[in-house]
Engineer: 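Once you've had a glance at the structure underneath, I'll fire off some questions.
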Amino acid sequence: MSDFNDAEYRNTFRHTTSHILAHAVKRLFPETLLAIGPAIENGFYYDFDREKSFTESDLTAIEEEMQRIIKEHLPIERKVMGREEAKKLMADRGETYKVELIDDLPEGAEISFYQQGDFIDLCAGPHLENTAQVRAFKLTQLAGAYWKGSEKNRMLQRIYGTSFTDKKELKQFLAAQEEARKRDHNKLGRELGLFTTVDYIGQGLPIMLPKGAKVLQILQRFVEDEEARRGYQITKTPFMAKSDLYKISGHWDHYRDGMFILGDPDKDGEEEVLALRPMTCPFQFQAYLTKTRSYRDLPIRYGETSTLFRNESSGEMHGLIRVRQFTISEGHIVCLPEQLEQEFKASLELAQFMLTTLGLAEDVSYRFSKWDPNNTEKFIGSAEQWDSAQTAMQNILDHTDMDYTVGDGEAAFYGPKLDIQIRNVFGKEDTLITIQLDFQLAERFEMEYIDRDGSKKHPFIIHRTSIGCYERTLALLIEKYAGALPLWMAPEQARILPISEKHLDEARALADKMRLLGFRVEVDGRDEKIGKKIREARMDRLQYMLVLGDKEIESGTVAVRSRRDGELGAMPVGDLLAKLQREVDDKVN
RNA sequence: GCCGCUGUGGCUCAGGGGUAGAGCAAUUCACUCGUAAUGAAUAGGUCGUGAGUUCAAUUCUCACCAGCGGCUCCA
């Protein structure tokens with residue numbers, strides 16, 4: 001018996017399930033055309049083309065039909081054909097997408113089909129031997145997807161599903177997914193009063209509420225202090241500029257769709273046209289340009305807590321992860337060629353320090369994002385420049401021991417980058433942090449330094465962020481900690497719960513004392529039973545609940561309940577404060 | 001931008017062509033020492049927005065706005 005933990009077998013299993021899905025769809029809706037149906041992480045999908053949209057109830061009917069196909073114990077047979085024969089078979093059935101797929105197959109490739117009953121599908125395989133082997137499956141969602149992944153092509157209907165060798169595993173998987181979704185920052189963040197949105201303000205423009213804004217402030221101070229320690233100088237630059245600036249930087253030609261432009265370039269004349277900044281680089285470069293620089297001045301590291309504006313398409317926005325206005329720990333390092341590796345590594349080290357401190361280090365993966373030589377419209381510079389930049393970056397990466405994937409065509413328009421990727425509760429991957437090599441913008445902005453030999457040279461520039469953009473980072477922290485943020489960044493570190501109204505003054509006095517020491521603490525002043533107050537505090541994901549006025553314990557002590565450690569019992573106030581301070585300082589998670 | 005789903009008081013939801021209901025939360029009063037719920041009362045909604053159909057629309061139709069899951073794009 002093959003092992004389901006083996007990725008290859010699991011993919012075969014799920015790929016077979018996707019064929020059963022397609023089979024069922026063809027039985028119920030014969031007019032449907034088949035596109036592709038691969039196994040993916042955690043399941044499979046199949047793309048269909050059909051005039052009418054599938055509905056939720058169609059999905060149920062399809063599941064029932066799939067069940068029937070499984071019960072029919074249909075043997076699955078592989079058939080190899082010549083190109084023309086294969087094309088004719090598919091053309092006769094009207095499967096135009098399959099014909100196109102066959103045309104795309106390289107010369108000399110073996111063209112195979114898999115058949116189960118009256119259903120036959122173009123497929124490289126492999127597959128299970130019999131449909132009856134699929135014991136447990138579930139169709140999970142309906143979605144749209146472009147044919148061949150290009151927005152220029154027709155939008156197909158994609159049905160996602162998953163399957164397992166037994167029902168128990170399926171149940172566990174679905175329960176785990178359900179559980180993960182409870183951490184969804186978009187729900188939790190709103191429930192916990194971190195942020196909200198308003199329909200008449202607009203998409204991708206969240207309102208950070210006091211608690212959310214507090215966390216951002218804490219993170220921002222932490223980052224700015226840490227960067228100062230590492231030799232960064234701080235800048236503060238405008239949120240907008242004339243189009244002239246973006247014409248120099250290349251944004252006007254390569255990023256205009258992503259910008260908010262104020263004024264009409266056709267009507268108002270170029271002088272009148274301003275645009276909100278989508279990136280900080282061209283602004284921060286001006287700090288470098290204020291005087292003649294010597295090789296002795298380099299490296300120069302600039303940092304800025306920078307608010308950016310990007311006109312994302314309407315369907316892209318997602319909670320705090322994808323927004324139209326965000327604030328990023330932006331920085332640019334101007335350096336000599338021989339400093340490049342060292343500065344890049346230092347940037348990486350800073351990013352990793354941040355990730356470790358946030359507790360996210362284990363959750364990220366690394367991606368070396370390169371340009372796409374076939375899409376020169378998207379990128380500036382020559383192939384030689386790109387090759388040399390990518391080679392330099394490759395060399396640097398080879399001198400680290402990190403594992404990384406390669407993302408072709410994922411580079412910034414001006415240079416290759418190292419992206420630090422993270423997944424949200426839905427398993428969707430986003431870039432949290434990025435470090436980019438730029439061999440081009442210095443030249444465009446005429447940034448120079450006088451080298452040892454007296455000649456003027458263009459420096460290299462590293463674009464980097466240390467913690468990413470704060471909104472997205474906060475989103476992932478909420479999901480990581482299910483809303484119970486580590487004490488050092490928690491907007492409310494402890495709540496004092498007077499056991500009855502008689503102890504309210506005492507509670508307020510303790511709160512004042514703690515605030516003076518820098519703790520973020522609130523008093524639950526409601527005249528309610530203590531059990532209710534504790535329940536509320538727990539629902540608010542409080543790290544510490546301090547019960548005050550317990551007659552079982554002597555005065556000068558509080559009953560301490562911690563999210564992590566449970567009931568800690570009576571503790572003298574001094575000990576409590578020392579304990580909290582220690583936890584804040586250590587940033588213990 | 002594209003495909004699909006959703007929008008009823010702060011939250012979770014019910015309802016349905018004849019102008020709205022529950023629980024929790026809130027407020028008031030009473031109670032006051034224990035870990036998912038003390039009791040009673042009160043208040044709170046032009047049913048996302050705008051048009052259309054209709055004698056009548058929160059309910060049907062359309063458009064728009066916003067939220068969600070994908071695709072494409074991206075920090």
Side-chain angles (χ1 to χ4, degrees), chain A residues 45 47 49 53-56 58-59 140-160 181 184 186-187 190-191 193 196-205 255 257-258 278-280 306 308 310-324 326-330 369 378 409-410 412-413 417 419-422 426-434 436 463 465 467-473 475-476 497-503 526-539 545 547-553 559 561 566-567:
Chain A
Y45 66 79
D47 285 346
D49 188 9
S53 296
F54 291 116
T55 63
E56 293 289 331
D58 289 339
L59 232 50
T140 49
Q141 57 179 329
L142 278 164
Y146 296 110
W147 167 237
K148 290 184 177 172
S150 167
E151 61 186 328
K152 294 188 183 78
N153 290 337
R154 189 172 162 78
M155 172 72 59
L156 306 174
Q157 296 184 63
R158 176 171 295 179
I159 298 177
Y160 283 95
R181 274 163 211 201
D184 181 3
N186 207 1
K187 193 162 190 309
R190 291 170 196 270
E191 280 171 9
T196 188
T197 50
V198 177
D199 60 359
Y200 50 81
I201 286 181
Q203 281 189 296
L205 298 168
Y255 206 82
D257 286 347
M279 296 176 191
T280 323
S306 179
L308 304 179
R310 296 189 185 176
N311 193 2
E312 304 287 351
S313 314
S314 62
E316 315 289 4
M317 264 65 76
H318 171 68
L320 294 180
I321 286 186
R322 228 14 216 293
V323 291
R324 281 184 166 152
F326 58 91
T327 300
I328 188 167
S329 54
E330 183 89 285
S369 296
K378 194 179 156 187
E410 301 282 353
F413 74 78
K417 50 182 187 159
D419 290 320
I420 304 183
Q421 304 290 106
I422 192 159
F426 296 101
K428 187 166 174 161
E429 193 178 270
D430 268 300
T431 302
L432 191 63
I433 292 175
T434 176
Q436 311 172 350
H463 303 235
T465 167
I467 205 177
C469 75
Y470 290 94
E471 291 83 353
R472 181 176 286 184
T473 301
L476 289 148
L497 314 173
I499 217 146
S500 76
E501 203 172 6
K502 281 176 235 148
H503 301 91
R526 293 172 316 153
D527 188 16
E528 297 279 353
K529 292 267 197 272
I530 188 69
K532 199 168 183 181
K533 294 183 183 183
I534 290 173
R535 181 164 47 83
E536 294 273 330
R538 199 188 283 137
M539 281 167 63
M545 291 153 256
V547 178
L548 202 69
D550 195 328
K551 69 179 157 201
E552 310 266 305
I553 61 177
R561 169 170 276 269
E567 186 77 63

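Chain identifiers are assigned alphabetically (A, B, ...) following the order of the sequence lines, protein sequences preceding nucleic acid strands; residue numbering begins at 1 within each chain.
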Engineer: Select base, sugar-phosphate, or nothing to describe what Val323(A) touches, counting heavy atoms under 4.0 Å on all strands.
Structural biologist: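 Answer is base: heavy atoms of Val323(A) come under 4.0 Å of a base.
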
Engineer: In whole angstroms, how far is the P atom of rC74(B) from the CZ atom of Arg310(A)?
Structural biologist: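 One finds 10 Å between P of rC74(B) and CZ of Arg310(A), rounded.
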
Engineer: Quick one: list whatever passes side chain to side chain donor-acceptor pair (under 3.5 Å) with Lys428(A), sequence neighbours left out.
Structural biologist: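 Scan of Lys428(A) (side chain to side chain donor-acceptor pair (under 3.5 Å), adjacent residues dropped) gives none.
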
Engineer: Could you list the residues that satisfy ring pair (Phe, Tyr, Trp, His ring centres under 6.0 Å) with Tyr146(A), not counting sequence neighbours?
Structural biologist: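 Applying ring pair (Phe, Tyr, Trp, His ring centres under 6.0 Å) to Tyr146(A) gives none.
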
Engineer: Distance check: side-chain N/O of Arg538(A) vs OP1/OP2 of rA36(B), anything under 4.0 Å?
Structural biologist: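 It does, given that an N or O in the side chain of Arg538(A) lies less than 4.0 Å from OP1 or OP2 of rA36(B).
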
Engineer: Not counting sequence neighbours, which residues clear side chain to side chain donor-acceptor pair (under 3.5 Å) with Thr465(A)? List them please.
Structural biologist: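 Side chain to side chain donor-acceptor pair (under 3.5 Å) list for Thr465(A), sorted by chain: Ser329(A).
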
Engineer: Quantified in whole Å, what is the C1' atom distance between nucleotide rU8(B) and nucleotide rC47(B)?
Structural biologist: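 Looking at atom C1' only, rU8(B) and rC47(B) are 4 Å apart.
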
Engineer: In chain order, what residues pass the side chain to side chain donor-acceptor pair (under 3.5 Å) check against Glu330(A), with sequence neighbours excluded?
Structural biologist: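 Result, side chain to side chain donor-acceptor pair (under 3.5 Å) vs Glu330(A): Thr280(A).
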
Engineer: Just how far, in rounded Å, is P of rG67(B) from CD1 of Ile321(A)?
Structural biologist: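 Ile321(A) atom CD1 is separated from rG67(B) atom P by 14 Å.
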
Engineer: Answer with base, sugar-phosphate or nothing: what part of the nucleic acid does Glu410(A) contact at a heavy-atom distance below 4.0 Å?
Structural biologist: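 Here Glu410(A) touches no strand at all.
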
Engineer: Have Thr431(A) and Arg472(A) got a donor and an acceptor in their side chains that come within less than 3.5 Å?
Structural biologist: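 The answer is no; no qualifying pair exists.
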
Engineer: Distance check, rounded to the nearest 0.5 Å: Leu320(A) atom CG versus Arg190(A) atom CZ?
Structural biologist: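 Between Leu320(A) CG and Arg190(A) CZ, I get 8.0 Å after rounding to 0.5 Å.
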
Engineer: Identify all pairs in which a protein N or O lies below 3.5 Å from an N or O of nucleotides 42-44 of chain B, and state each distance.
Structural biologist:
none

Engineer: Could you state the atom-to-atom distance from CD of Gln436(A) to P of rA75(B) in whole Å?
Structural biologist: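 Those two atoms, CD and P, are 7 Å apart.
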
Engineer: Roughly how far apart are Arg324(A) CZ and Glu316(A) CD, rounded to 0.5 Å?
Structural biologist: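 The CZ atom of Arg324(A) sits 9.5 Å away from the CD atom of Glu316(A).
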
Engineer: May I ask you to say what Leu308(A) touches in the nucleic acid, namely base, sugar-phosphate or nothing, with a heavy-atom cut-off under 4.0 Å?
Structural biologist: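 The answer is nothing, as Leu308(A) stays clear of every strand by at least 4.0 Å.
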
Engineer: Please state how far atom CG in Asp430(A) lies from atom C1' in rU72(B), giving the value in whole angstrom units.
Structural biologist: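 Atom CG in Asp430(A) sits about 14 Å away from atom C1' in rU72(B).
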
Engineer: Measure CG/Asp184(A) against P/rG67(B) and give the value in whole Å, please.
Structural biologist: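 So the CG-P distance, Asp184(A) to rG67(B), works out to 14 Å.
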
Engineer: Go through Arg526(A) and Glu536(A) one step at a time and tell me if the side-chain contact (heavy atoms from CB on, under 4.5 Å) criterion holds.
Structural biologist: CA-CA 11 Å; Arg526(A) 293 172 316 153; Glu536(A) 294 273 330; 3.4 Å; yes

Engineer: Nearest whole Å is fine: how far is rC65(B) P from Tyr200(A) OH?
Structural biologist: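 My rounded result for the distance is 17 Å.
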
Engineer: With the criterion being N/O to N/O and under 3.5 Å, what pairs connect the protein with nucleotides 60-64 of chain B, and how long is each?
Structural biologist:
none

Engineer: Between rA40(B) and rA20(B), how far is it from one C1' atom to the other, in whole Å?
Structural biologist: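 The answer is 25 Å between these two C1' atoms.
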
Engineer: Measuring only the P atom in each nucleotide, how far is rG4(B) from rC13(B)? A whole number of Å is fine.
Structural biologist: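 Between the two P atoms, the distance is 24 Å.
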
Engineer: Calculate, to the nearest 0.5 Å, the distance between atoms NZ and CG belonging to Lys148(A) and Asn153(A) respectively.
Structural biologist: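 Lys148(A) atom NZ to Asn153(A) atom CG measures 7.0 Å (nearest 0.5 Å).
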
Engineer: Rounded to the nearest Å, what distance is computed from the NE2 atom of residue His318(A) to the C1' atom of nucleotide rC71(B)?
Structural biologist: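 Taking NE2 of His318(A) and C1' of rC71(B), I get 15 Å after rounding.
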
Engineer: Say we look at rC73(B) and rG17(B): how far apart would their P atoms be, to the nearest angstrom?
Structural biologist: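 Each nucleotide's P atom is 45 Å from the other's.
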
Engineer: Any side-chain N or O of Lys417(A) under 4.0 Å from OP1/OP2 of rA75(B)?
Structural biologist: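 Yes.
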
Engineer: Could you pull out all residues at least two apart from His318(A) that satisfy ring pair (Phe, Tyr, Trp, His ring centres under 6.0 Å)?
Structural biologist: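 Residues passing ring pair (Phe, Tyr, Trp, His ring centres under 6.0 Å) with His318(A): His185(A).
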
Engineer: Mind checking the P distance from rG45(B) to rC11(B)? Whole angstroms is fine.
Structural biologist: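 So the two P atoms sit 14 Å from each other.
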
Engineer: Quick one: are Leu142(A) and Ile159(A) in side-chain contact, heavy atoms under 4.5 Å?
Structural biologist: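 Leu142(A) vs Ile159(A): side chains touch.
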
Engineer: Could you pull out the closest heavy-atom pair between Ile467(A) and Ile433(A), with the gap in Å?
Structural biologist: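 What the structure gives for the nearest pair is C-CG1, 3.9 Å.
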
Engineer: Provide, to the nearest angstrom, the distance between the CG atom belonging to Leu320(A) and the C1' atom belonging to rG67(B).
Structural biologist: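 So the CG-C1' distance, Leu320(A) to rG67(B), works out to 13 Å.
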
Engineer: What integer number of Å spans the P atoms of rU6(B) and rC62(B)?
Structural biologist: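 Here rU6(B) and rC62(B) have their P atoms 13 Å from each other.
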
Engineer: Is the phosphate of rC71(B), meaning OP1 or OP2, less than 4.0 Å from a side-chain N or O of Lys428(A)?
Structural biologist: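 It does, given that an N or O in the side chain of Lys428(A) lies less than 4.0 Å from OP1 or OP2 of rC71(B).
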
Engineer: For RNA chain B, report each stem as range with range, ordered by first number, or say none. Use Watson-Crick or G-U wobble pairs under 3.5 Å, at least 3 in a row.
Structural biologist: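 Consecutive-pair runs (3 or more) involving RNA chain B: B:1-7 with B:65-71, B:10-13 with B:21-24, B:26-30 with B:38-42, B:48-52 with B:60-64.
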
Engineer: If you define the side chain from C-beta out and look only at heavy atoms, does anything of Met545(A) sit under 4.5 Å from Lys533(A)?
Structural biologist: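 Sidechains of Lys533(A) and Met545(A): no contact.
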
Engineer: Give Glu471(A) one of three labels, base, sugar-phosphate or nothing, depending on what nucleic acid heavy atoms sit under 4.0 Å from its own.
Structural biologist: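 Contact class for Glu471(A): none.
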
Engineer: Considering only atom C1', compute the distance from rG9(B) to rU58(B) and round it to an integer number of Å.
Structural biologist: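 Here rG9(B) and rU58(B) have their C1' atoms 14 Å from each other.
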
Engineer: Could you pull out all residues at least two apart from Tyr45(A) that satisfy ring pair (Phe, Tyr, Trp, His ring centres under 6.0 Å)?
Structural biologist: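 For Tyr45(A), the residues satisfying ring pair (Phe, Tyr, Trp, His ring centres under 6.0 Å) (neighbours in sequence not counted) are Tyr160(A).
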
Engineer: Distance check, P atoms only: rC2(B) and rA22(B), in whole angstrom units.
Structural biologist: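 rC2(B) and rA22(B) have their P atoms separated by 41 Å.
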
Engineer: With heavy atoms under 4.0 Å as the rule, sort Lys148(A) into base, sugar-phosphate or nothing.
Structural biologist: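 No contact.
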
Engineer: What nucleic acid atoms does Arg158(A) come within less than 4.0 Å of, heavy atoms only: base, sugar-phosphate, or nothing?
Structural biologist: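 Sugar-phosphate only.
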
Engineer: Could you check whether Phe426(A) and the base of rG69(B) form a stacked pair, meaning centres closer than 5.5 Å and planes differing by less than 30°?
Structural biologist: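 One would not call Phe426(A) stacked on the rG69(B) base.
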
Engineer: Within this structure, what is the CD-CG distance for the pair Gln421(A) and Asp430(A), rounded to the nearest 0.5 Å?
Structural biologist: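 The CG atom of Asp430(A) is 7.5 Å from CD of Gln421(A), to the nearest 0.5 Å.
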
Engineer: Mind checking what makes side chain to side chain donor-acceptor pair (under 3.5 Å) contact with Gln141(A), not counting sequence neighbours?
Structural biologist: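 Gln141(A) satisfies side chain to side chain donor-acceptor pair (under 3.5 Å) with no other residue.
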
Engineer: Could you run down nucleotides 1-10 of chain B 5' to 3' and tag each one B, S or - for protein heavy-atom contact under 4.0 Å?
Structural biologist: BBBS------

Engineer: Using atom names, set out every protein N or O paired with an N or O of nucleotides 23-33 of chain B below 3.5 Å, distance rounded to 0.1 Å.
Structural biologist:
| residue | atom | partner | partner atom | Å |
| --- | --- | --- | --- | --- |
| rA25(B) | OP1 | Lys532(A) | NZ | 3.3 |
| rA26(B) | OP1 | Arg526(A) | NH1 | 3.2 |
| rC31(B) | N4 | Asp527(A) | OD2 | 2.8 |
| rU32(B) | N3 | Asp527(A) | OD1 | 2.7 |
| rU32(B) | O4 | Asp527(A) | OD1 | 2.8 |
| rU32(B) | O4 | Asp527(A) | OD2 | 2.1 |
| rC33(B) | N3 | Gly549(A) | O | 3.3 |
| rC33(B) | N3 | Lys551(A) | N | 3.0 |
| rC33(B) | N4 | Gly549(A) | O | 2.9 |
| rC33(B) | N4 | Lys551(A) | N | 3.4 |

Engineer: Locate the shortest heavy-atom distance separating Gln436(A) from Ala412(A); write the atom from each residue and the value.
Structural biologist: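 The answer is OE1-CB, 3.9 Å.
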
Engineer: Quick one: do Leu548(A) and Leu497(A) satisfy side-chain contact (heavy atoms from CB on, under 4.5 Å)? Show the steps, please.
Structural biologist: CA-CA 6 Å; Leu548(A) 202 69; Leu497(A) 314 173; over 6 Å; no

Engineer: From Arg181(A) CZ over to Phe426(A) CZ, what is the distance, rounded to the nearest 0.5 angstrom?
Structural biologist: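 The distance works out to 5.5 Å.
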
